[in-house]
Amino acid sequence: MYYGEDIVEEIRQRTDIVDLIGQYVHLKKKGSSYFGLCPFHGEKTPSFSVSPGKQIFYCFGCGKAGDSIRFMMEYENLSFVEAIEQLAERANVTLPEKSNGNKGEEDLRYKLLEINKNAALFFVKQLRSPKGKLGLQYLGKRALSGESITHFGLGYAVQEKDALYQHCKALGYEDSLLQASGLFTFKENGVRDKFFNRVIFPIMDLHHRVIGFGGRVMGDGEPKYLNSPETKLFDKSRNLFALNFARRSRESYLILCEGYMDVISMHQAGCIEAVAALGTAFTEQQAALLKRFTSTVLLCFDSDNAGRKACKRAIPILREKEIQAKVISLKPYKDPDEFLKAEGKDALMERIHNAKNAFLWEVEELKSGFNLQDPGEMQGYMEAIASLLRGCFSDPVELENYCKAVAREQLLSAENLLYLVQKGEDKSQLSFALSKQGRREENKREKALTDNLEEQFISLLLQKEEWIGPVSQYIKAEGLREELCRQVFLSLQEGKAVQEIMDGFRGEEEKYQKCMALYHGDLYHLDLERQEEERMLLDFIRQIKLRGIEKAIAEAMDGEELSRLFREKDKWEHFSGFSG
């Protein structure tokens, strides 16, 4: 931890969650809570609630929940420490020094960020100077507005090969630090800038900090595009150009493009959902990064052979990350920039709305390799589709749906396609997989019944903490099967408050969200009389105890033990009140 619990609690107490969230969401008071449209998913009916009494938010639609710190982390995509620091500044709380065992590493990162910031400012200044005329002319030819140039912080690296180095030395930076920045090449015969005679595109992290640069050469030099090398700040396989802007979009999708200019042109046209890989093939790490912000990615690559190949490589990566992929057709134009210049934003939006399901696009691409007038090649085409189906879908229902969709679009027989898919599988393995899936579904149903009972039980105790003492006479933590319910039950027995319990799951996102959902369960808005609460708890206790006894009966081998268990079962079936 960077900051102690006392500081975290002070910041939490000095932050009015209604006031904080009210800056981002229009809230209306209903009863003791405030409601508004959820900022984390699209909705038309307000299901996002803010409780001033508990200083907690919860969305009944998507399940997002937490306190003021969690809201800043989710909405602004901040780390815990960054959220603490922003809220501390807002609440005028003075933070102590961070307790970080790796202070040297942090100092280096801070200094590299500072160098990059100064380099970005230098490039911007050069673009506006007489020496930057070539770069400014290029951007003008690409029809970029002054507003777009400023928004993206575009600059120019002049033709002198050590201009940035001399600038940084004048600012007092040591060579060892400049070498670590990746902005310079150090050789025996001297130092030169990595970027010269290039239009510069700053690459920023999610918090608008410059972590690297891309440069487009002016003239016929090679390489045409050059990126910063990997440094302590910059890993091109784990970052995406313009994601710091695109993540602010409230659309349900993001658009993945190939290049910087495509993205900037799309943003200039109002399509702020566009991002781009950084001069490399799309990676699993970039897909994982996209998944933090969306479940749907539209691919908007060049319509030439290279663009189609890049599309084919990206689709399986997105599929592996369970991201729905669609493909935007730009034909007859080569890229988004060219399309926008010729057709405009409205036409592009129509193409976006008509983006093709990625699997169906892959099938269409397969077609070009076969002469479908030839029966033999038609057979090959169908077998190629069947192979693609087998490789992409393991769920039988999903597989059947895609077989039908492909058959409809390609005017094929769905039954024949499904036959070819199954023909390619070992029949015994297919049968085993289906029976195994059946067992998994049965286990899921049994677990759902168990969890629902325990979750409702814990949900009521979170709302009515005063019942934990009487309940503990009958229920022990080990009698609960679901791990989270056991943990929460033990915490309640230890006398921990709800917020303290939530804090205990910091860093375990799934448990934190589930615990918040338990707190805001079906009982959250019920105004129950004490007798009603007691009746519900007695019923929960009875069911949990009987469940355990029935399991023991099923496993018992001894006659005397069975007799005892049946007597115990009869006792709990007639359980009707708390003792004492």
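The figures that follow rest on heavy atoms only: side chains count, while hydrogens, waters and symmetry mates do not. In this chain, residues are counted from 1 in sequence order.
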Requested in this report: Show the numbers, then the answer: is there a ring pair (Phe, Tyr, Trp, His ring centres under 6.0 Å) between Phe123 and Phe213?
Outcome: CA-CA 10 Å; Phe123 291 139; Phe213 298 91; 5.4 Å; yes
Report task. Can you run down the side-chain hydrogen bond (donor to acceptor under 3.5 Å, both in side chains) pairs that involve residues 112-123, sequence neighbours left out, and say none if there aren't any? Result ->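 As it turns out, the side-chain hydrogen bond (donor to acceptor under 3.5 Å, both in side chains) pairs with a partner in residues 112-123, which skip direct neighbours, are Glu114-Tyr173, Asn118-Tyr173.
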Could you tell me whether [X] and [Y] have their ring centroids closer than 6.0 angstrom?
| X | Y | answer |
| --- | --- | --- |
| Tyr24 | Phe71 | yes |
| Phe48 | Tyr34 | no |
| Phe152 | Phe201 | no |

Determine, for [X] against [Y], whether the closest basic-nitrogen to carboxylate-oxygen distance falls under 4.0 angstrom.
| X | Y | value |
| --- | --- | --- |
| Lys64 | Glu74 | yes |
| Arg351 | Asp346 | no |
| Lys236 | Glu230 | no |
| Arg198 | Glu222 | no |

Query raised in the report: Distance under 6.0 Å and angle within 45° of the ring axis: does Arg308 meet both against Phe301?
Result: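 No cation-pi geometry.
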Requested in this report: Look at atom CD of Glu343 and say whether more than 12 heavy atoms of other residues, nucleotides or ligands are closer to it than 6.0 Å.
Outcome: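 Above 12, so yes.
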Query raised in the report: What do you reckon, is NZ of Lys169 surrounded by more than 12 foreign heavy atoms closer than 6.0 Å?
Result: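 Counting neighbours around NZ of Lys169, more than 12 heavy atoms of other residues, nucleotides or ligands fall under 6.0 Å, so yes.
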Query raised in the report: Excluding sequence neighbours, so at least two apart, what forms side-chain contact (heavy atoms from CB on, under 4.5 Å) with Ser295?
Result: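 By the side-chain contact (heavy atoms from CB on, under 4.5 Å) rule, Ser295 matches no residue at all.
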Query - Whether His267 side chain and Ser148 backbone form a donor-acceptor pair below 3.5 Å - result: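 Not confirmed, His267 side chain does not pair with Ser148 backbone.
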Report task. In sequence, state the C-alpha distance, the side-chain angles, and the governing distance for Glu364 and Lys367, and then conclude on salt bridge (Lys or Arg N to Asp or Glu O under 4.0 Å). Result -> CA-CA 5 Å; Glu364 189 67 29; Lys367 186 189 289 186; 3.7 Å; yes
Report task. Answer yes if the side chains of Tyr333 and Asp302 hold a donor-acceptor pair under 3.5 Å, and no otherwise. Result ->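 Side chains of Tyr333 and Asp302: no pair found under 3.5 Å.
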Query raised in the report: Within a strict 4.5 Å, meaning less than it, do heavy atoms of the Phe241 and Val275 side chains meet?
Result: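 The answer is no; the side chains never approach within 4.5 Å.
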